[in-house]
Enquirer: 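Before we start, here is the structure in question, set down as structure tokens.
Letters A, B, ... mirror the listed sequences (proteins, then strands); counts begin at 1. Just so you know, these numbers come straight off a predicted model, no measurement behind them.
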There are 2 protein chains.
Amino acid sequence: MDSTIMDYNLNIKSIFWRVEKLYKDKEIISRTHEGIKRYTYGDFALRVRKLARMLESKNLVRSRVASIAWNTHRHLELYFAVPLLGGILHTVNVRFHKTEMDYVITEMDDKAVFTDKDIEYKSDKIPVYIFDEKYDDEIESQEPIKDFPDIDERQGAIACFTSGTTGKPKGVIYSHRSIFIHSLSLLAQDVLGISSSDVVLPIVPMFHISAWDLPFASLMTGAKLVLPGPRPKAEDIVNLIKDYKVTIGIAAPTVWIDVVAYVEREKLDLSPLKVVVTGGAEPPLGLIKKLREYGVKTYHAWGMTETEAIATINKSDDINKMSEQGYPIFGFEISLVDAEGKELPWDGKSAGELVVRGAFVTKKYFNNPSNILLNNTWFKTGDVVKIYPDGSIKVVDRLKDLIKSGGEWISSVDLENAIMSYDKVLEAVVVGIPDEKWGERPIALVVKKPGKEVSAEEIIDYLKSLNRFPKWWLPDKIIFVDSIPKTSTGKLDKKVIRDMVKSMLNLR
Amino acid sequence: MDSTIMDYNLNIKSIFWRVEKLYKDKEIISRTHEGIKRYTYGDFALRVRKLARMLESKNLVRSRVASIAWNTHRHLELYFAVPLLGGILHTVNVRFHKTEMDYVITEMDDKAVFTDKDIEYKSDKIPVYIFDEKYDDEIESQEPIKDFPDIDERQGAIACFTSGTTGKPKGVIYSHRSIFIHSLSLLAQDVLGISSSDVVLPIVPMFHISAWDLPFASLMTGAKLVLPGPRPKAEDIVNLIKDYKVTIGIAAPTVWIDVVAYVEREKLDLSPLKVVVTGGAEPPLGLIKKLREYGVKTYHAWGMTETEAIATINKSDDINKMSEQGYPIFGFEISLVDAEGKELPWDGKSAGELVVRGAFVTKKYFNNPSNILLNNTWFKTGDVVKIYPDGSIKVVDRLKDLIKSGGEWISSVDLENAIMSYDKVLEAVVVGIPDEKWGERPIALVVKKPGKEVSAEEIIDYLKSLNRFPKWWLPDKIIFVDSIPKTSTGKLDKKVIRDMVKSMLNLR
């Protein structure tokens, strides 16, 4: 039976209501190409209403609009104005190549691009608006829009493409509802616990996964928001922390490593910073310890484009637990399955694929009809994890690095490390190759150390001598090569390697 | 355009998932007629699954089921088992008269009643199950239910009737979604900020407004939950605080006044209590100060049955601000309107009716087709408030005590206090009487002080001499009476008085 509760859309408008009505004196600080911009939520809200009018005049109502931009107030204004008008802001990764940018903008059928001047994006198909003084003047000259429509909460609001290391970038569109619930979940005491007295510095980019929804969460609760602008260096970050009394900073571990190194070198400290939120990779123990010495706690988060950033969080005080990715946040569920999709126990030992569902998890990719869910319910993360009895997860591998043979998994990373521990081997990579009987079988590519001779049998014998691998884990073939293909960022390009091996073996 | 985000029901099942999977070692403590019951979330979850089987065996699946019960673990089990099966738990006010209980149970068409033994509710129409050892044994003997259905989040979960001081009780049905969002909102740092390391003691009754959703919020985040059981006295409450290290207690101000008096008398303290949440009436300044002396902060909340309990919160450190009811929590909006429904400014001066909307606000009453919303959007609270520029509300009157004359409001409370300040008057009450021209006009009933003589003209002259009231505020008639009708709880019974005056004046 139905409830008597009213239908109320959990949408960007309901967040904007708080910004405008409850917190108009709160501040937003933005580091831009032209220096620091500092204004109140009230001024921000007025600018959003003027920007919305400008978008209207350019026929960009209920449209898809791309941004290729840094974390600034201008980007933040688009975060609100575009969805408030019923459109979708497509945040394009600044680090994409021009061809990738063109690809995702075409895929998404964006009607305009808004971008920072240093990015130098050009298009002969759609208008490109550059954040500069002319842009600001044009906004200022507008009559503010009075009323925004009440958008259905399941409508799209922000779009983002995966970074595409294993193929073409794939699009995910967050809904008004998913942004609201995810942001509210971040405010919970047991998640980030951001309050109106916090000063939040999201260094994670607004051009990817909406800076983990930190801009929305901060504005929802009236926190002071500090946006670090274009290409912030350690020095810029430390200056912002000092100048605007930042209490919570959010960035990948590498950023914090740079920040700590800078602070040490310059004999500074990190006060008043209290909390560092980090994710994307495991924070090194040394970093966590160093931050503690400066009085800063580390929260270790896990998530991905497909889960709208933060999905699990580890706030443990126990340094030995800090390598775990932690507990599911609110509105989000996890499960552990084997290669057949059968549930595995949460015993801290069984490793399987992490599958997830929740109010901010994608069910499909944009413009892609493939059913990507397990049992029509669970999104398959591709991460191999263990789950401890208390529900905390620990990522141990990426599934795409696993080989599925006879319904069981073989860890290519384990095999690679073992082969490379043989003293005649310089480098090794193991990939799975289609096999009629077993599904997949492992094949190794090996680069010999200069001046060394080694045979395939010798390597297999060595692997056997380690007494670590079941017989069926051993590679079916070992191919000697001069070098192994890498991506532009120096990672093994397993997709290219797999194709290469397949053509070597005359498979398709 | 739609998002790519999956449909995920924010329902009791998603809260139960956390209870069972993430927090199974956390504890629930329950004060019962038979003493203290202490068990883990894991044991609780198993009991819920067994109770669900028992409900199934009694044909109570997708049914409406009444509880007339104190805050105990058995009541908590019903909070989960009934909605998990797709039914609605109708929490009946223990303080209702038998006839009111029968009325609401018939209205709701409940199929069974679950109740504590001291309540002695009997029915010749539907089965009544009493919480006792036999009840526990029957649950224990069941095979736990394995799977619960995935209930649509807009379905009803918990029903509650208003206490009905101004007519028949009116029913409100909270949805799975409203419970989830309201509970999550309570967990936010800027609302109650409950964490898994808190110990929560909801003294506000589970038989009314689901104990402000505190049981759900606590279990959602893995806090230790302490349930104070039947008719807890100050001594019981202090013992629970001491024995189970309660950190947050929730109750009406009168309860805390008793607790503080008891602690003073017995020369105890309140440690480890950190926070008191109070509402239903304004907490007296003296109480707030006393609690501070014991190291306890007071949060002042406002809400009503129709807003699922806590809707605004004041956590100010400024003691002069503590009489305000505070800021809207997440998923909830407020507005201020005059008698014509026109918006009034948030200037801390204009008084008007508080109207509200949000994810946990009712749009209608159960079984009642009346449209009760302003502009089909806003629920009219009947509270007269001022709103400060920062969005904090201050309740100044109840609308039903206001007289609407010529489109403007006259405060009967103001007039009553003024008349009673005249030294020949013992008591006075002012009510609004229908008037063809003005809508309503004020009429005063006055009881003279023993041995004093006073005329109507004299009182009107006195009111004029105060220079406080516009001329049209002055009562059209002053009627002298020997006494003024009161309710059983000693409050002015304005409904009865209005009828009495109307018949005196031959109006209907």
Enquirer: Let's test your reading of the structure: which of B:V361, B:L22, B:V191, B:L192 forms the most heavy-atom pairs below 4.5 Å with chain A?
Expert: B:V361
Enquirer: Sequence neighbours excluded, which residues qualify as ring-ring contact (aromatic ring centres under 6.0 Å, His included) partners of A:F330?
Expert: none
Enquirer: What part of B:L186 lies closer than 4.5 angstrom to a heavy atom of chain A: side chain, backbone, both or neither?
Expert: neither
Enquirer: Between B:R62, B:K24, B:R64, B:E308, which has the largest tally of heavy atom pairs under 4.5 Å with chain A?
Expert: B:R64
Enquirer: Identify which part of B:Y388 has an atom lying under 4.5 Å from any heavy atom of chain A, answering side chain, backbone, both or neither.
Expert: neither
Enquirer: At a heavy-atom distance under 4.5 Å, which candidate from A:I5, A:L187, A:D190 has the highest pair count against chain B?
Expert: A:I5
Enquirer: Would you mind checking which part of A:I179 comes under 4.5 Å of any heavy atom in chain B, side chain (CB onward), backbone (N, CA, C, O), both or neither?
Expert: neither
Enquirer: Does the B:T221 side chain pair with the main chain of B:S218, one donor and one acceptor, at a distance under 3.5 Å?
Expert: no
Enquirer: Measure distances from B:R18 to the heavy atoms of chain A and classify the residue's part below 4.5 Å as side chain, backbone, both or neither.
Expert: side chain
Enquirer: Non-hydrogen atoms of chain B under 4.5 Å away: do they reach the side chain of A:E153, the backbone, both or neither?
Expert: side chain
Enquirer: Is the closest side-chain heavy-atom distance between A:E107 and A:F161 below 4.5 Å?
Expert: yes
Enquirer: For each of B:A188, B:A157, B:G171, tally heavy-atom pairs with chain A at distances under 4.5 Å, and name the one with the top tally.
Expert: B:A188
Enquirer: Heavy atoms, side chains only, cut-off 4.5 Å: are B:Y8 and A:E333 in contact?
Expert: yes
Enquirer: Identify which part of A:T377 has an atom lying under 4.5 Å from any heavy atom of chain B, answering side chain, backbone, both or neither.
Expert: backbone
Enquirer: Let me know if A:I158 has heavy atoms under 4.5 Å from chain B in its side chain, its backbone, both or neither.
Expert: neither
Enquirer: Restricting to ring-ring contact (aromatic ring centres under 6.0 Å, His included), what partner residues turn up for B:Y174, sequence neighbours left out?
Expert: none
Enquirer: For B:F148, does the six-membered ring have the charged nitrogen or CZ of B:K13 within the cation-pi criterion, i.e. under 6.0 angstrom from the centroid and within 45° of the normal?
Expert: no
Enquirer: In terms of heavy-atom pairs under 4.5 Å, which option from B:I387, B:I15, B:T362 contacts chain A the most?
Expert: B:T362
Enquirer: As an exercise: rank B:S185, B:S14, B:G86, B:G331 by heavy-atom pairs under 4.5 Å with chain A and give me the winner.
Expert: B:G331
Enquirer: Chain B heavy atoms under 4.5 Å from A:R154: which part of the residue, side chain, backbone, both or neither?
Expert: both
Enquirer: Between B:F366, B:Y327, B:W346, which has the largest tally of heavy atom pairs under 4.5 Å with chain A?
Expert: B:W346
Enquirer: Between A:G193, A:G87, A:A159, A:S197, who has the most heavy-atom pairs with chain B when the cutoff is under 4.5 Å?
Expert: A:G193
Enquirer: Assess whether atom NZ of A:K297 is packed by more than 12 heavy atoms of other residues, nucleotides or ligands within 6.0 Å.
Expert: yes
Enquirer: Mind listing the closest non-hydrogen atom pair of A:L354 and A:I393 along with its distance?
Expert: CD2-CD1, 3.8 Å
Enquirer: If you tally heavy-atom pairs under 4.5 Å against chain B, which of A:P328, A:G391, A:S392 wins?
Expert: A:P328
Enquirer: Is A:E324 salt-bridged to A:K394, going by a charged N under 4.0 Å from an acidic O?
Expert: no
Enquirer: Please classify the contact of A:S178 with chain B as side chain, backbone, both or neither, using a heavy-atom distance under 4.5 Å.
Expert: side chain
Enquirer: For chain B, which of A:I181, A:D198, A:N9, A:L10 has the most heavy-atom pairs under 4.5 Å?
Expert: A:L10
Enquirer: Which heavy atom of A:G348 sits nearest to which heavy atom of A:P389, and what is that distance?
Expert: N-CD, 4.3 Å
Enquirer: For B:Y41, is the NZ or CZ atom of B:K26 found under 6.0 angstrom from the centre of its six-membered ring and inside 45 degrees of the ring axis?
Expert: no
Enquirer: With a 4.5 Å heavy-atom cut-off, do B:K363 and A:D7 have their side chains touching?
Expert: yes
